[in-house]
Enquirer: 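First the structure, which I've put down as structure tokens, then a few questions once you've had a look.
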Amino acid sequence: VSRFENVSMAPPDPILGVSEAFKADTDATKLNLGVGAYRTEDLQPYVLKVVNKAEQLMLERGENKEYLPIEGLAAFNKATAELLLGADNPVIKNGQIATVQGLSGTGSLRLGAAFIARYFPGVKVLISSPTWGNHKNILSDAGVPWSEYRYFDPQTVGLDFKGMIEDIKAAPNGSVILLHGCAHNPTGIDPTPEQWEAIADVLEEKGHMPFFDVAYQGFASGSLDDDASSVRKFASRGFEMFVAQSYSKNLGLYAERIGAINVILPTADLAARVKSQLKRLARPMYSNPPVHGARIVANVVGDSVLFDEWRAEMQMMAGRIKGVRQKLYEALLSKDKSGKDWSFILKQIGMFSFTGLTKSQSDNMTDKWHVYMTKDGRISLAGLNLAKCDYLADAIIDSYY
Ligand SMILES: Cc1ncc(COP(=O)(O)O)c(CN[C@@](C)(CC(=O)O)C(=O)O)c1O
């Protein structure tokens with residue numbers, strides 16, 4: 001008998017498994033609102049024009065395939081930290097940030113979690129309820145204990161701010177609090193600036209450490225600076241904090257696996273020591289990161305013309321999603337005579353809408369309407385176009401009642 005006999009079949013991933021099911025569906029009306037991947041109005045994947053231009057530049061330049069340093073491409077690390085905090089930020093000028101290129105947001109979160117497991121053993125990480133499905137497994141597999149803080153209020157279809165604060169206050173002093181920098185996944189609900197101040201107050205009072213997950217900078221509002229305002233606020237208050245970044249969505253580099261883990265410290269000496277230990281964790285994990293995506297980001301940010309074009313394309317992508325939010329809202333309002341308040345569709349930010357559909361209702365969306373979504377009721381508006389809003393509204397209303 002095989003020695004692998006006890007290996008069972010793993011369940012499909014709650015998010016990426018939806019795409020597999022979608023691909024297997026042969027019905028022409030099928031709609032993939034599962035994975036958060038941007039699609040154009042004709043529902044095709046989108047390679048940003050600036051990415052093509054940067055790659056053209058790189059091809060003409062002719063570049064080698066030498067190993068990157070463990071910490072990644074220096075030009076990328078500089079660019080990514082400056083994008084996050086602003087180039088003139090004192091944290092940058094004083095060298096108080098340890099930046100290591102990571103395997104996109106997931107790999108960066110994992111490296112940060114591995115650091116926490118090694119240097120803060122037993123410290124608990126608190127994650128929002130609900131949160132991005134992969135957060136739990138990243139932390140568990142890194143050996144980091146986690147628990148949840150209340151976040152979504154089904155009654156108001158909004159933020160349970162009171163519950164969030166209570167749970168963060170109740171956590172042992174010095175816990176790590178995982179926060180979504182902007183465009184909360186899956187709810188699309190972000191704290192207001194005033195609420196971010198209050199959250200910072202509680203973390204300060206409790207000696208908690210922020211760990212920001214910044215997967216949508218520039219993609220949520222269309223502005224890189226606006227979407228980084230929560231992180232910059234905490235940095236300006238002097239927190240020692242982790243920040244994971246991803247260029248999957250805002251630069252469309254999903255499969256290039258380009259991101260970074262940043263740790264902000266009070267001194268350059270501490271940043272150097274932390275960076276050296278992040279490298280020590282990365283080397284046995286994957287040795288050094290892939291170069292292509294890092295060069296694209298460095299070339300786009302390093303060229304003022306490309307950088308401006310990138311900003312315009314982010315505004316275009318964010319604008320298209322806002323357009324389908326509006327159209328879907330209007331379609332729901334015109335079809336649903338129950339008087340239900342659908343305005344949450346407009347209030348939510350970024351790629352997703354948390355519809356409140358239950359698992360069985362989302363099954364109906366798929367089985368009867370061939371609309372693919374995650375079972376927690378999340379739909380990715382990035383996979384929707386104006387032409388399909390009426391159809392989606394019919395499916396939602398049919399499934400809701
Ligand atoms: C909050 C959050 N953090 C990190 C990541 C990691 O992305 P990366 O590793 O590609 O950089 C995602 C992607 N979440 C997607 C968009 C895709 C996924 O599940 O992997 C989602 O559909 O939720 C995310 O939503």
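Atoms within a ligand are numbered from 1 in the order they appear, just like the ligands themselves.
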Enquirer: One thing to verify: whether D27 and K30 come together as a salt bridge, which I'm taking to mean a side-chain N less than 4.0 angstrom from a carboxylate O.
Expert: no

Enquirer: At their closest point, which heavy atom of T29 faces which heavy atom of K388, and how far apart are they?
Expert: O-NZ, 3.3 Å

Enquirer: Can you list every pair that meets side chain to side chain donor-acceptor pair (under 3.5 Å) and has a residue in residues 108-120, with sequence neighbours left out?
Expert: Y119-Q277

Enquirer: Just to verify, what does W196 make a ring pair (Phe, Tyr, Trp, His ring centres under 6.0 Å) with, not counting sequence neighbours?
Expert: F212, F234

Enquirer: Using the test salt bridge (charged side-chain N to carboxylate O under 4.0 Å, His left out), find all partners of D398 that sit at least two apart in sequence or belong to another chain.
Expert: K368

Enquirer: Using the ring centroid of each side chain, check whether H184 and F352 are separated by less than 6.0 Å.
Expert: no

Enquirer: Distances for all N or O pairs of ligand 1 and the protein under 3.5 Å?
Expert:
{"from": "ligand 1", "atom 1": "3 (N)", "to": "D213", "atom 2": "OD1", "distance (Å)": "3.3"}
{"from": "ligand 1", "atom 1": "3 (N)", "to": "D213", "atom 2": "OD2", "distance (Å)": "2.6"}
{"from": "ligand 1", "atom 1": "7 (O)", "to": "K249", "atom 2": "NZ", "distance (Å)": "3.3"}
{"from": "ligand 1", "atom 1": "9 (O)", "to": "G105", "atom 2": "N", "distance (Å)": "3.4"}
{"from": "ligand 1", "atom 1": "9 (O)", "to": "T106", "atom 2": "N", "distance (Å)": "3.0"}
{"from": "ligand 1", "atom 1": "9 (O)", "to": "T106", "atom 2": "OG1", "distance (Å)": "2.6"}
{"from": "ligand 1", "atom 1": "9 (O)", "to": "R257", "atom 2": "NH2", "distance (Å)": "2.8"}
{"from": "ligand 1", "atom 1": "10 (O)", "to": "S248", "atom 2": "OG", "distance (Å)": "2.8"}
{"from": "ligand 1", "atom 1": "10 (O)", "to": "R257", "atom 2": "NH1", "distance (Å)": "2.9"}
{"from": "ligand 1", "atom 1": "11 (O)", "to": "S104", "atom 2": "OG", "distance (Å)": "2.6"}
{"from": "ligand 1", "atom 1": "11 (O)", "to": "G105", "atom 2": "N", "distance (Å)": "2.7"}
{"from": "ligand 1", "atom 1": "11 (O)", "to": "S246", "atom 2": "OG", "distance (Å)": "2.7"}
{"from": "ligand 1", "atom 1": "11 (O)", "to": "S248", "atom 2": "OG", "distance (Å)": "3.2"}
{"from": "ligand 1", "atom 1": "14 (N)", "to": "W132", "atom 2": "NE1", "distance (Å)": "3.3"}
{"from": "ligand 1", "atom 1": "19 (O)", "to": "W132", "atom 2": "NE1", "distance (Å)": "2.9"}
{"from": "ligand 1", "atom 1": "22 (O)", "to": "G36", "atom 2": "N", "distance (Å)": "2.8"}
{"from": "ligand 1", "atom 1": "22 (O)", "to": "R378", "atom 2": "NH2", "distance (Å)": "2.9"}
{"from": "ligand 1", "atom 1": "23 (O)", "to": "W132", "atom 2": "NE1", "distance (Å)": "3.3"}
{"from": "ligand 1", "atom 1": "23 (O)", "to": "N185", "atom 2": "ND2", "distance (Å)": "2.8"}
{"from": "ligand 1", "atom 1": "23 (O)", "to": "R378", "atom 2": "NH1", "distance (Å)": "2.8"}
{"from": "ligand 1", "atom 1": "25 (O)", "to": "N185", "atom 2": "ND2", "distance (Å)": "2.7"}
{"from": "ligand 1", "atom 1": "25 (O)", "to": "Y216", "atom 2": "OH", "distance (Å)": "2.7"}

